[in-house]
Amino acid sequence: MEENNSQSDSPKSKPDLIDLNTEISNSNNNNDTSLETIVRSFQDSMSVTKQHKFWETQPVGQYKDVGDTSLPEGPIEPPTPLSEVKQEPYNLPAAYEWTTCDMSFGETCDEVYLLLKNNYVEDDENMFRFNYSKEFLTWALCVPGYYKNWHIGVRAKGSKKLVAFITGIPARIRVNDNVVKMAEINFLCVHKKLRSKRLAPVMIKEVTRRVHLENIWQAAYTAGVVIPTPVATCQYWHRSLNPKKLIDVGFSRLGARMTMSRTIKLYKLPDSTFTSGFRKMELRDVPAVTRLLRNYLEKFVVAPDLDENDVEHWLLPHEDVVNSYLVESPENHEITDFCSFYTLPSSILGNQSYSTLKAAYSYYNVATKTPLAQLMNDALIMAKQKDFDVFNALDVMHNEGFLKDLKFGPGDGQLHYYLYNYRIRKALKPSELGLVLL
Ligand SMILES: CCCCCCCCCCCCCC(=O)SCCNC(=O)CCNC(=O)[C@H](O)C(C)(C)COP(=O)(O)OP(=O)(O)OC[C@H]1O[C@@H](n2cnc3c(N)ncnc32)[C@H](O)[C@@H]1OP(=O)(O)O
């Protein structure tokens, strides 16, 4: 392991405090997310240039190269011959050992669930912590063509307790005109008691080694922390569905001149959806949804290259995991619009009355006939019917087109997108991203 050089963790998405009075008017926030601005403001706020002992050694965009448009787009390093990829796992401290987490095995899934439930991403004020369900974790990890040994755990040798986790899943991601085989890396987690001991770099190197062994040399990931170097920085927006509970648990505040009853009225939604032909997606819709989505995702600089298998896995409704709806024309039965959201509750830490915040996260949405805001309003109505407390959305794809109209308020946490071993010339605007990672 490397020397002790701690970095404070911060959530990769954060259920931010939103002021329920000002959030709607307060939405023309500064949207200058050019990479230069992000890196500079980050460095300014640290007053020194932060050192990244690990990330400086990796094939990722380095801060010193920011703004140098002469560097070519594409892989930073060429692939190494497979025979030269290290065959044995990286060394762990003597008291720990690697384990492959078989997520189809109930007991292992329980252990992963509990490690994350107790140690994964929190907001800056430590009021909320992501609580991914077991069904969600299995869905997110056991994807078409997945490699079991990319679901990597670390156990204490004596007690066999699971103390750390990191995962990769295979994906085809298009960057401009190139479809690149990548790993999507997620669920990096080190038990709270083992933090700041440089375990994370060992885990990242180990997942990298296992991905390389499959002849894959690029990866995509998101994080709440700034490390070298984001390809885009996005913001979360929140739409209250249950404002009273959100206020009671400290997720949001009552606006200055607002009463609770006015606030409840402000966020009230109709009981049923508005768009005729709006219905739940079914298995028979997979080909039409795939066509709709592929056509839409072409508009973005970075987006997944999804086939019918992927769409069936990622978008077919799955109780308490992912919800998808579409609009089928009552006249010609054409599928013209699609919207989806996934279920990711957070534990509410230290509240007497409530233990869980039920959050829906906007996933992939495509509107070709129905106005996007109307389609998303129907998604909000469905989320309310399903008893979600809040509907979250990033400012990616065309989401900016509905956020303000539908009474979303900006959060103060940011989510940074990264590519490993792939350079793009210029930082992207959130609206140039067609990718949502879980
Ligand atoms: C080709 C295939 C490639 C595949 C790999 C592609 C890359 C994948 C990259 C991973 C994508 C993950 C996507 C997600 O899952 S993002 C979610 C991350 N998880 C959490 O935030 C949960 C709560 N926090 C923790 O469990 C720990 O704080 C973690 C495990 C995050 C760090 O543990 P700890 O706090 O005990 O620190 P350390 O002493 O061991 O290590 C310190 C070093 O680690 C760098 N660090 C800290 N946080 C992150 C982070 N979120 N991404 C990348 N690097 C991170 C940090 O800058 C420093 O390096 P450097 O600044 O000195 O250089």
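Quick caveat: nothing in here was measured; it's all calculated off a predicted structure. Numbering of residues begins at 1 and proceeds along the displayed sequence. Atoms within a ligand are numbered from 1 in the order they appear, just like the ligands themselves.
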For [X] and [Y], take the angle between the two ring planes, folded into 0 to 90°, and tell me which bin it lands in: parallel under 30, tilted 30 to 60, perpendicular over 60.
X    : Y    : result
F136 : W139 : perpendicular
F300 : H398 : tilted
Y132 : F187 : perpendicular

- Using 4.0 Å as the upper bound for N to carboxylate O, is an ion pair formed by R155 and E111? yes
- Ion pair K192/E122, N-O distance below 4.0 Å: yes
Would you mind telling me if ligand 1 is within reach of the side chain of [X], the backbone, both or neither, using heavy atoms under 4.0 Å?
X    : value
V211 : side chain
N119 : backbone
V121 : both

- Task: Please indicate whether any nitrogen or oxygen in A219 is less than 3.5 Å from any nitrogen or oxygen in ligand 1.
- Result: no
- Message: Just to check, does A183 reach to within less than 4.0 Å of ligand 1 when the distance is taken from its heavy atoms?
- Response: no
- Task: Give a yes/no verdict on whether any heavy atom in V202 is under 4.0 Å from an atom of ligand 1.
- Result: no
- Ignoring hydrogens, just give me the one of R129, H52, R195 whose non-hydrogen atom is nearest atom 23 (C) of ligand 1. R195
- Query: Nearest heavy atom to atom 43 (C) of ligand 1: which of M182, M203, R198 does it belong to?
  - Reply: R198
